[in-house]
Novice: 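Would you mind keeping the following structure in view while I ask a few things?
Note that the structure is predicted; figures quoted are calculated from it, not measured. Quick note: residue numbers are just sequence positions, from 1.
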Amino acid sequence: MPFQSAGCHPGLAKTREAAWEWAESEGLDLSVPARKKMIRTRPELWISLIFPKASQDHLDLFCQWLFWAFLVDDEFDDGPAGRNPLMCEKAITRLVDVLDGAAPNGPMERALAGLRDRTCPGRSPQWNRQFRRDTAAWLWTYYAEAVERAAGQVPSRSEFAKHRRDSVAMQPFLCLHEITAEIDLPDSARSLPAYIALRNAVTDHSGLCNDICSFEKEAALGYEHNAVRLIQRDRGCTLQEAVDEAGIQLARIAERVQRAEKELIQEIEAAGITGPTRAALERCVQDYRGLVRGDFDYHARAERYTRPDLVELDERNSLSQYFAA
């Protein structure tokens, strides 16, 4: 890990309290296994490591987005909603409709509508398009995985790498970074090849780091959409050999982050970008390293990843209460 830690937000405890109060106010009544899992997940830790200098209000809002996203992830990764393509399609269609402004039904949709209304108004059309694209693309990855499970298919490693870029859900949080950084990139900046490469490298690092740390937990639940598992299947190697190869890939992705940073500075100069747009892009270069390091540190500290022995094998039947109808 070549990047220095930017520290942890001092408001972590307040954000944790605000997240659980928010969940209760939204009617998100977690089952006992789901509550235990969320406590082990510690969304307030991730958000505090990723955004160590955010305002308390932004930290609370972003943590509530993450709390909601982890609920969605657990429902579709571990619950029956992710193994029934028709149920999954219906649920994801509704969530994307609510993201686009439809009236919500049920607690998960109402929670999403509230987060949407507290986040998107006042942002530029460019930002809203990017955030909508990234969030909808993440949600639809659950449907793609549900269909592949039902068909008995497993993606190739190259196919999975592209899929994982959306499924890890880091890209929407790169959009949220713009809010706390008080920047708003124009489409021209979002279209710079090196900016796209930088976002992709940051996202790819998060996805692979997550897969390395999640492998044991996901293997216990029979979850196949994991880079380590795909390396093991592809090479016919031991688990340790697969983990070692994934670790080498992770280091190479960190090098991609550094390369994209240098290329972005070159492209800023070549395009003659000045003023607020230049400052905004330079802020991304400055902050994205901290995002990568914060994500890396989180995976080493949260019991969701460090204690696979705590996984309850009966979680699958007790989680899906929101999307079964």
Novice: Using a strict threshold of under 4.0 Å (side-chain N to carboxylate O), is an ion pair present between Arg293 and Asp297?
Specialist: yes
Novice: Is Glu245 paired with Arg157 through a side-chain N to carboxylate O contact shorter than 4.0 Å?
Specialist: yes
Novice: For the residue pair Gly247 and Ile212, what are the closest heavy atoms and their distance?
Specialist: N-CD1, 4.1 Å
Novice: Salt bridge or not for Arg259 and Glu255, using N-O below 4.0 Å?
Specialist: no
Novice: Holding to side-chain hydrogen bond (donor to acceptor under 3.5 Å, both in side chains), I want the full list of residues that pass it with Thr119, two or more places apart in sequence or in another chain.
Specialist: Trp65
Novice: Looking at Pro104 and Ala113, what are the two nearest heavy atoms and their distance?
Specialist: CG-CB, 3.9 Å
Novice: Run the ring pair (Phe, Tyr, Trp, His ring centres under 6.0 Å) check on Phe62 and Phe173 step by step: do they pass?
Specialist: CA-CA 8 Å; Phe62 299 166; Phe173 285 91; 7.5 Å; no
Novice: Are the charged groups of Glu269 and Arg278 less than 4.0 angstrom apart, N to O?
Specialist: yes
Novice: Passes salt bridge (Lys or Arg N to Asp or Glu O under 4.0 Å), Asp184 versus Arg123? Steps please.
Specialist: CA-CA 8 Å; Asp184 201 325; Arg123 301 299 298 173; 3.5 Å; yes
Novice: Would you please classify the geometry between the Trp140 ring and the Tyr143 ring as parallel, tilted or perpendicular, with 30° and 60° separating the classes?
Specialist: perpendicular
Novice: Tell me if a side-chain donor or acceptor on Arg83 pairs with a main-chain N or O of Ala150 at a distance below 3.5 Å.
Specialist: no
Novice: What class does the angle between the rings of His299 and Tyr305 fall in, given that below 30° is parallel, 30 to 60° is tilted and above 60° is perpendicular?
Specialist: tilted
Novice: What's the separation between atom CZ in Arg256 and atom CG in Asn200, rounded to the nearest 0.5 Å?
Specialist: 7.0 Å
Novice: Tell me, with the steps shown, if Asp166 and Arg133 meet salt bridge (Lys or Arg N to Asp or Glu O under 4.0 Å).
Specialist: CA-CA 10 Å; Asp166 284 324; Arg133 190 225 74 87; 3.1 Å; yes
Novice: Please determine if Asp204 and Arg164 form a salt bridge, counting it only when a charged side-chain N lies under 4.0 Å from a carboxylate O.
Specialist: no
Novice: Are the side chain of His9 and the backbone of Phe51 linked by a donor-acceptor contact shorter than 3.5 Å?
Specialist: no
Novice: Measuring only between side-chain heavy atoms, which start at C-beta, is Leu239 closer than 4.5 Å to Val228?
Specialist: yes
Novice: Looking at Asp211, is its backbone amide N or carbonyl O close enough to the side chain of Ser214 to form a donor-acceptor pair, meaning the two atoms are under 3.5 Å apart?
Specialist: no
Novice: Between Arg116 and Glu109, does any side-chain N to carboxylate O distance fall below 4.0 Å?
Specialist: no
Novice: Tell me whether the count of non-hydrogen atoms from other residues, nucleotides or ligands lying under 6.0 Å of CD in Gln56 goes above 12.
Specialist: yes
Novice: Below 30° counts as parallel, above 60° as perpendicular, anything between as tilted: where do the rings of His177 and Tyr288 land?
Specialist: perpendicular
Novice: Tell me whether Glu182 is salt-bridged to Arg283, with the criterion being a basic N under 4.0 Å from an acidic carboxylate O.
Specialist: no
Novice: Output yes when Arg304 and Asp73 qualify as a salt bridge under the 4.0 Å nitrogen-oxygen rule, no when they do not.
Specialist: yes
Novice: Any heavy-atom pair between the side chains of Arg165 and Lys162 that's under 4.5 Å?
Specialist: no
Novice: Using a strict threshold of under 4.0 Å (side-chain N to carboxylate O), is an ion pair present between Arg132 and Asp100?
Specialist: yes
Novice: Before accepting this row, confirm whether a basic side-chain N of the pair Arg129/Asp187 lies closer than 4.0 Å to the acidic partner's carboxylate O.
Specialist: yes
Novice: Does Arg252, at its CZ atom, have more than 12 non-hydrogen atoms belonging to other residues, nucleotides or ligands within less than 6.0 Å?
Specialist: no
Novice: Using distance only, find each side-chain donor-acceptor pair of residues 42-50 under 3.5 Å and give its atom names and separation, not counting sequence neighbours.
Specialist:
unit_1, atom_1, unit_2, atom_2, d
Trp46, NE1, Asp295, OD1, 2.9
Ser48, OG, Glu44, O, 2.7

